[in-house]
Asker: 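Let me give you the structure first, and then I'll get to my questions.
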Amino acid sequence: MPSITDVQFSQSVIYIEEHNEEGAIGFIINKPIDLTVKQLLNHLDINTYDSPELSQPVFIGGPVAQD
């Protein structure tokens, strides 16, 4: 929304996954960070395999809860 002044959301493109009385979850899709999906999964001790999809970048989360 244009009225939101939080710098984390400035110029962000966000896919809203869910929005209800308990809150909302969305994904910022235009602000990549220096981390791949494979690196993220390995950091979480999740075994991975070699796949082109796992080399995709991870994008920054929102300021409310980045997990």
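Only a predicted model underlies this, so the values are computations on that prediction, with no experimental measurement involved.
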Asker: With a 6.0 Å cut-off (strictly less than), is the heavy-atom count around CG of Asp34, excluding the residue itself, greater than 12?
Answerer: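 Count not over threshold, so no.
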Asker: Is it true that atom CG of Asn30 has more than 12 heavy atoms of other residues, nucleotides or ligands lying nearer than 6.0 Å?
Answerer: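 Enclosed.
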Asker: Should Ile46 and Val58 be regarded as members of a common hydrophobic cluster, given that ILVMFWY residues are connected when their side-chain heavy atoms come within less than 4.5 Å of each other, either directly or indirectly?
Answerer: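 Yes, Ile46 connects to Val58 through the hydrophobic network.
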Asker: Closer than 3.5 angstrom, by distance alone: can the side chain of Gln56 be matched with the main-chain N or O of Glu53 as a donor-acceptor pair?
Answerer: no
Asker: Atom CD1 of Ile33 and atom CG of Leu40: how far apart are they, to the nearest 0.5 Å?
Answerer: 8.0 Å
Asker: Where do Leu54 and Gln39 land on the side chain to side chain contact (heavy atoms under 4.5 Å, CB included) test, with the steps shown first?
Answerer: CA-CA 8 Å; Leu54 295 177; Gln39 290 169 324; over 6 Å; no
Asker: Under the side chain to side chain donor-acceptor pair (under 3.5 Å) rule, what do Lys31 and Ser12 come out as? Steps first, then yes or no, please.
Answerer: CA-CA 7 Å; Lys31 294 184 178 181; Ser12 295; 3.0 Å; yes
Asker: Please answer: with hydrophobic residues joined when any side-chain heavy atoms are less than 4.5 Å apart, are Leu44 and Val37 in the same cluster?
Answerer: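 The answer is yes; both residues are in one hydrophobic cluster.
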Asker: Would you say the side-chain atoms of Asn47 pair up with the backbone N or O of Asn42, donor to acceptor, closer than 3.5 Å?
Answerer: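 Checked: no pair found.
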